[in-house]
Protein chains: 2
Amino acid sequence: MSPRGQAARAVPQPTQPPVRRPTVQDVAREAGVSPSTVSRALHTRGYASPAVRARVRAAAERIGYVTDHNARNLRSRTSTSIGVLISDLRNPFYADLAAGIEQELRSAGYQMVLVNDNGDPAEELQAAETLLAMRVPGVIVTPVTAKCPQVLQDNGVHVVCADRELSRSKSDVVLGDNETGARELTEHLIALGHTRIGLLIDETKWSTGAGRLAGFRAAHVDNDLTVDEDLIAYTSFDADAARLTTRKLLNDHDVTAIISANNVLAQGALAELKDRRLKIPRQISLAAYDDVPWMSLVQPALTTVDQSTVEMGRSCARLLLARIRGELTPKRRQVKVPARLIVRGSTGPAPR
Amino acid sequence: MSPRGQAARAVPQPTQPPVRRPTVQDVAREAGVSPSTVSRALHTRGYASPAVRARVRAAAERIGYVTDHNARNLRSRTSTSIGVLISDLRNPFYADLAAGIEQELRSAGYQMVLVNDNGDPAEELQAAETLLAMRVPGVIVTPVTAKCPQVLQDNGVHVVCADRELSRSKSDVVLGDNETGARELTEHLIALGHTRIGLLIDETKWSTGAGRLAGFRAAHVDNDLTVDEDLIAYTSFDADAARLTTRKLLNDHDVTAIISANNVLAQGALAELKDRRLKIPRQISLAAYDDVPWMSLVQPALTTVDQSTVEMGRSCARLLLARIRGELTPKRRQVKVPARLIVRGSTGPAPR
DNA sequence: CTGTTAGCGCATTCAA
DNA sequence: TTGAATGCGCTAACAG
């Protein structure tokens with residue numbers, strides 16, 4: 001194996017020759033027309049008499065003809081495969097996002113090539129190159145690095161960034177309303193009398209973390225509270241780390257409520273609270289950004305912000321397809337998907 | 001839009017002509033060799049002197065050459081795209097399965113085309129046709145209908161059925177050890193003194209449901225208990241239905257424990273138990289087949305059977321690739337992934 | 001080991 | 001409205 005670079009990419013194996021599949025030639029013979037007529041009858045709008053069209057389709061059906069996308073893509077320099085690059089399929093957020101994307105793509109006749117980049121810049125870039133090789137017309141990505149969208153766009157591939165944007169991106173983007181969502185969540189707690197609220201957060205460089213933090217701050221400001229910076233607990237992106245960070249937060253400070261910035265961190269926070277046998281919400285309130293199913297199953301159910309993740313995915317797909325079809329002005333589009341506060345049992349009045 | 005049939009399939013839009021990308025010709029010129037030498041230097045093993053190979057790769061890198069998969073696939077009659085057909089990406093079971101598949105495929109240089117068929121035979125079949133059009137060499141499917149694997153195989157596409165098999169399938173298959181898993185889970189309850197155990201199950205026609213039911217029965221037989229058929233509560237496949245079925249089960253029978261046959265049904269069962277304020281496991285024990293993350297988060301955490309779902313996905317991919325590469329004898333392969341009992345807090349001694 | 005030739009299956013010119 | 005000719009970009013034969 002070569003060490004690196006594009007030549008390292010795997011290549012088709014000497015697979016046993018697949019069965020010979022019918023071609024337009026075969027259909028043409030069967031229908032008694034020319035190959036080009038078959039092509040037009042099957043796909044192009046206009047340019048084929050209804051009679052011929054019917055005959056050709058019948059013939060195609062009869063002999064089991066199925067268009068060869070490779071040939072079609074090669075010739076027409078288009079493709080109906082769309083690349084989707086996400087960070088972690090096992091995280092319900094990304095799974096929902098992908099589900100929304102796939103649904104919309106499929107109903108428009110497109111296919112989804114899904115790559116899990118594990119949030120790793122190298123894998124993300126490698127994936128981008130694979131998608132370039134596939135000549136996909138567009139990619140939806142939850143970006144890790146600006147370089148990935150960059151490379152794709154430099155090669156004429158349309159890009160929609162999903163969930164977050166990095167610095168000054170030139171691509172279309174679909175974002176959740178992180179600031180509003182976080183503000184409402186924080187205000188909900190403040191309204192319950194909480195003044196010492198811990199924020200468990202993993203990153204603030206992406207627009208997601210930055211927005212949620214901003215909303216958290218804004219809620220304080222709007223209510224004449226000052227944010228105690230020590231209550232902003234920066235942690236790593238996994239549940240175990242979140243648990244340890246929560247432990248430290250509770251040891252060092254007397255917070256009456258905790259907000260976790262996403263669904264994964266919430267797992268860690270909840271685990272720690274349960275471990276300490278703290279009564280929720282009597283002794284401490286817990287709330288989470290990014291509602292996922294388990295949050296309704298625990299007792300008490302968690303107060304959360306629902307990001308409409310599936311809809312976010314659908315939006316991404318719709319936007320990308322519109323772009324590909326040339327239905328949009330050159331101006332960069334930014335779509336915002338609403339965030340919705342869902343109050344459940346895990347938040348209550350602040351203990352005195 | 002035409003009503004149905006293959007001609008209805010969407011076709012590439014008149015997208016704006018993409019940027020012109022470098023071809024082997026360009027690389028050849030840049031490196032001062034012939035196109036075929038470029039091809040060999042870049043991909044084929046052997047048949048190119050190290051010097052030339054290096055020169056070609058450097059040239060390719062320099063001008064930003066990226067292989068065109070469409071052209072390559074067309075010419076070589078192979079493809080590195082693999083179809084994956086699953087029922088519900090939002091269900092963590094399928095998400096994990098897909099994640100395992102993708103991981104293994106990607107590390108072997110293959111791409112995953114993911115289709116969510118929603119457990120619908122029509123969508124499944126439609127997806128199969130799309131994958132035929134893409135000329136994928138193989139497909140991994142959690143089958144809904146026997147027709148789907150059938151159609152694919154008839155067209156020379158290798159198929160691996162994942163998680164379950166339908167009737168006498170001719171395809172390779174990767175299954176969980178449902179019978180053993182369910183037996184161990186049931187025996188665990190029996191050992192705790194339970195004799196009236198409810199089984200919440202949605203289907204018994206697929207090998208999954210049938211296997212789990214068989215394991216449930218076997219455990220009873222092995223322990224000289226007779227299965228009360230009324231305690232086998234057949235339900236629909238969603239959580240809400242499971243909840244209603246659980247309600248009925250509890251109303252009509254005095255079970256001391258409930259086993260749910262999968263992770264979705266467990267949601268319904270748990271919801272109903274909580275709604276009734278039943279103390280778990282003091283008043284009733286609850287156990288679930290198919291461990292997913294939330295089951296460790298609820299209080300008490302659920303006793304489950306872990307299906308090694310990600311590993312199951314990896315196995316599927318490995319098996320399929322081996323088949324594609326022709327490394328396997330013609331004989332149909334059946335891989336069994338172990339099931340593992342995980343005892344947590346939701347199961348306890350039977351109340352007297 | 002390398003270059004030349006040919007053609008994968010299709011959609012698109014252009015003529016008729 | 002249809003048919004004939006062309007070539008998308010690549011790799012498999014073959015010859016050298």
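In what follows, chains carry the letters A, B, and so on, assigned in the order in which the sequence lines appear, proteins first and then strands, with residues in each chain numbered from 1.
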Given protein heavy atoms under 4.0 Å, the one-letter contact record of nucleotides 5-12 of chain D, with B base, S sugar-phosphate only and - none, is simply -BBBBBBB

Does the B:Arg323 side chain pair with the main chain of B:Thr329, one donor and one acceptor, at a distance under 3.5 Å?
yes

Taking B:Arg332 for the side chain and B:Ser171 for the main chain, is one N or O donor matched with an acceptor at less than 3.5 Å?
yes

A:Arg75 versus A:Ser39, side-chain donor and acceptor atoms under 3.5 Å
no

Do A:Asn116 and B:Glu102 get their side chains close enough for a donor-acceptor pair, meaning under 3.5 Å?
no

Using whole Å, report how far CG of A:Asn73 lies from P of C:dA11.
10 Å

Nucleotide C:dG9, atom C1' - distance to CG of A:Leu42 in whole Å:
13 Å

Taking OP1 and OP2 of C:dG3, is either one under 4.0 Å from a side-chain nitrogen or oxygen of B:Thr37?
yes

Show me the donor-acceptor pairs, under 3.5 Å and distance only, between side chains in residues 26-33 of chain B and residues at least two apart or in other chains.
residue: B:Asp26; atom: OD1; partner: B:Arg29; partner atom: NH1; Å: 3.3
residue: B:Asp26; atom: OD2; partner: B:Arg20; partner atom: NH1; Å: 2.8
residue: B:Asp26; atom: OD2; partner: B:Thr23; partner atom: N; Å: 2.8
residue: B:Glu30; atom: OE2; partner: B:Arg62; partner atom: NH1; Å: 2.2

